[in-house]
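Within every chain, numbering begins at 1; the chains are lettered A, B, ... in the order of the sequence lines, protein sequences first and strands thereafter.
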2 protein chains.
Amino acid sequence: MEMDERKTRILEAIIRNYLETGEPVGSRTISRYEDLKLSPATIRNEMSDLEEMGYILQPHTSAGRIPSDKGYRFYVDRMMADREKEVSDMQEMVVRKADQLSELLKQVAKLLAANTNYAAAISSPQIHRNKLKFLQLSKVDEGSLLAVIVVEGNIIKNKIIPTSSEMDNETVLKLNLLLNTNLCGLSLEEINLGLITLIKERAGIHSDIVASAIDAIAEAITAEEDLEIYTSGANNIFKYPELADNEKASGIISTLEEKNQLKEIISESLALDNDNGHAIQVYIGHESQIESMKDCSVVTATYELEDGMRGMMSIIGPKRMDYEKAAKTLKKLQEQLDALYKKT
Amino acid sequence: MEMDERKTRILEAIIRNYLETGEPVGSRTISRYEDLKLSPATIRNEMSDLEEMGYILQPHTSAGRIPSDKGYRFYVDRMMADREKEVSDMQEMVVRKADQLSELLKQVAKLLAANTNYAAAISSPQIHRNKLKFLQLSKVDEGSLLAVIVVEGNIIKNKIIPTSSEMDNETVLKLNLLLNTNLCGLSLEEINLGLITLIKERAGIHSDIVASAIDAIAEAITAEEDLEIYTSGANNIFKYPELADNEKASGIISTLEEKNQLKEIISESLALDNDNGHAIQVYIGHESQIESMKDCSVVTATYELEDGMRGMMSIIGPKRMDYEKAAKTLKKLQEQLDALYKKT
DNA sequence: ATTAGCACTCATTCGAGTTGAGTGCTAATA
DNA sequence: TATTAGCACTCAACTCGAATGAGTGCTAAT
């Protein structure tokens with residue numbers, strides 16, 4: 001069967017209506033739409049077709065129809081393609097620049113949630129191109145050295161390195177010089193085994209410290225593990241009856257709280273984003289691959305702070321969420337974050 | 001009216017029973033307890049008294065009785081005073097030492113929640129006595145210095161300080177020496193205005209950098225703002241029907257997610273803890289002063305990592321939670337955390 | 001002081017009946 | 001041939017009353 005103009009309009013009417021009410025919508029309701037002058041019976045025939053094609057479904061006989069995931073997908077794709085939505089009529093959201101990045105992110109999450117009435121999550125930015133910029137070992141007390149590592153983008157990492165033997169200041173100075181001259185400006189790929197062994201040789205009896213320091217550097221540059229995720233507005237899901245029953249709510253809440261699963265979808269979405277600019281992604285139901293999210297939709301967008309520091313923010317709501325508003329809100333904050341750091 | 005031995009036993013029986021079942025308990029149920037050989041009628045008379053005294057209440061006529069907050073308080077106080085509970089028969093919980101403190105805390109929160117089936121929260125440790133241990137300025141690039149500050153307990157803070165004029169290495173070295181010799185080993189109180197002006201004088205044209213550095217130190221030592229809270233097992237509250245209805249659940253979830261209110265109770269509890277060793281605190285219903293927690297109880301305990309680093313962990317469950325288990329679980333983890341850092 | 005007995009209360013459960021929104025099919029219509 | 005009116009049918013949701021049973025308070029007997 002083919003999708004024609006009229007079917008499209010009917011499907012869109014069904015979805016629109018369902019987005020508003022959350023109730024299955026019947027043929028009579030649609031026939032009342034002024035612009036398509038059709039009797040309920042005709043609508044019913046079309047609906048029957050649409051159901052067969054998989055765009056809508058009936059919760060049970062003698063109920064109206066609700067959109068299927070495929071139906072939502074159709075709707076969202078059309079809406080997104082429609083035009084580059086202008087983000088003018090939005091309520092003003094002001095992001096204050098905070099001195100702690102984590103504070104800024106928490107603030108953004110809160111704004112997202114408060115403006116949409118859905119749940120929101122935001123990830124800390126991931127560094128993209130990262131080279132070691134600066135390294136410093138300092139003696140903190142008798143048994144330990146402090147390694148401070150600065151990578152491109154002024155990301156700072158600290159690591160305490162225990163020392164077996166007592167060290168004098170001069171040795172520390174020498175090690176600093178050795179490490180800095182050999183490693184500064186290099187990326188992870190460029191610090192290879194040959195280079196490491198060379199440095200260790202030169203360090204003599206202190207090769208173990210060099211090893212620890214290099215470990216710390218590797219950790220700082222990859223920075224895999226410190227993908228932090230901040231959430232807000234989890235309680236908003238209770239506003240949508242179709243998500244508010246205990247089992248579903250429990251699943252969603254725990255997904256938001258134990259962030260591991262979120263990390264996956266975020267990593268994936270970040271990767272995807274490389275291809276197509278800063279587009280907004282929509283995951284409907286099962287598309288997010290997270291079991292507990294099968295009744296939710298997730299709208300995601302990347303943001304970019306300074307060059308190469310890219311993170312993800314997302315809005316999590318029921319499938320019948322206002323996709324347009326979600327997308328607009330994300331875009332708005334994307335712009336704000338952009339402006340915040342680019343201007344300086 | 002007076003509380004006598006028999007009333008006490010009946011009250012305890014009522015509460016015990018209610019803790020198990022979550023259902024109002026009637027006179028017949030209690031009369032079946034072997035150890036107090038009384039007919040339902042007698043029990044009823046006593047219950048009537050207990051109700052008048054405010055220890056129990058009836059959800060409605062012709063229902064059994066449930067404990068009031070006062071009743072719970074009575075029970076908890078007796079239980080706590082009973083004896084120093086041994087923590088032997090607990091399931092083993094192993095806390096791995098993690099190199100990131102935040103990882104450790106998340107782990108502990110998870111353990112608390114998983115072992116009790118309640119929600120759990122843990123705060124990052126607050127530094128108690130804190131002196132500056134070590135300070136280091138380093139040139140990161142042309143326009144900025146990196147200040148690394150280590151305070152007692154090896155807490156490390158970083159701060160980028162922008163410099164107006166270009167600086168050579170020697171000046172940085174001098175400033176380092178100046179700051180370290182004058183400030184190391186001092187606490188917040190000891191760094192007074194006199195000292196600061198003295199240092200600024202000696203720094204000459206670089207007094208602005210000294211000012212920034214001292215600001216950073218103050219921030220690091222007080223460290224008020226970075227009281228982080230990690231939660232786990234929020235979804236557990238859905239296991240208790242009396243908390244699982246939308247409104248209540250929503251309130252609790254949002255309290256756990258937006259951590260502000262938790263911070264208050266934690267600060268308070270930390271302060272209280274100064275007086276009476278490492279006792280376990282119980283807040284029943286309204287006692288926690290948090291509106292959304294009025295149907296919950298919160299059991300809290302402090303933990304101590306290294307000297308002076310004290311934080312709070314708490315278990316949040318329904319009023320009819322297994323207080324004994326909660327207390328034991330907290331104690332167990334208290335010991336584990338102790339052992340983890342004291343031993344080294 | 002305790003208990004047995006009894007009348008009373010009231011939330012909960014169950015099933016039957018009703019309602020109403022919605023469907024699919026068929027035959028009439030444009 | 002596409003659309004529509006008409007009609008029988010389905011089924012979730014609601015209402016209502018009866019039955020159930022756990023629990024109470026009171027009174028009189030032990």
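If you walk DNA chain D from 5' to 3' and mark each nucleotide with an atom closer than 4.0 Å to a heavy atom of chain A, the marks span dT3(D) to dA12(D).
Comparing K37(B) and H60(B) by the nucleotide of DNA chain C that holds the closest heavy atom to each, the one mapping nearer the 5' end is K37(B). In terms of position on DNA chain D, the residue among G26(B) and S39(A) whose nearest nucleotide sits closer to the 5' end is S39(A). Along DNA chain C, the nucleotide nearest L38(B) and the nucleotide nearest T61(B) are compared for position; the residue whose nucleotide lies closer to the 5' end is L38(B).
Here R6(B) reaches the OP1 or OP2 of dT2(C): one of its side-chain N or O atoms lies under 4.0 Å away.
Under the side chain to side chain contact (heavy atoms under 4.5 Å, CB included) rule, I316(B) has a single partner from T300(B), V298(B), T255(B), which is V298(B).
Side-chain atoms of S297(A) and Y323(A) form a donor-acceptor pair, as typed in the model, at a separation below 3.5 Å. For the residue pair S232(A)/E258(B), the side-chain donor-acceptor check at 3.5 Å is satisfied.
Contact check on R16(B) versus E12(B) returns a salt bridge, with a Lys/Arg side-chain nitrogen under 4.0 Å from an Asp/Glu carboxylate oxygen. Between D69(B) and R73(B) there is no salt bridge, since no side-chain nitrogen of the basic residue lies less than 4.0 Å from a carboxylate oxygen of the acidic one. The pair E242(B)-K248(B) does not count as a salt bridge, with every side-chain nitrogen at least 4.0 angstrom from each carboxylate oxygen.
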Please test N236(B) against K239(B) for side-chain hydrogen bond (donor to acceptor under 3.5 Å, both in side chains), starting from the C-alpha separation and ending with a verdict. CA-CA 6 Å; N236(B) 281 334; K239(B) 290 177 182 159; 2.8 Å; yes

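When both pairing distances are held under 3.5 Å, dG15(C) makes a Watson-Crick or G-U pair with dC16(D). Base pairing of dT27(D) is made with dA4(C), judged by Watson-Crick or G-U wobble geometry with both donor-acceptor distances under 3.5 Å.
Less than 4.0 Å separates DNA chain D from at least one heavy atom of each of the following residues of residues 40-49 of chain B: R44(B), M47(B).
Without hydrogens or angle criteria, T8(A) side chain to D4(A) main chain gives a donor-acceptor distance under 3.5 Å.
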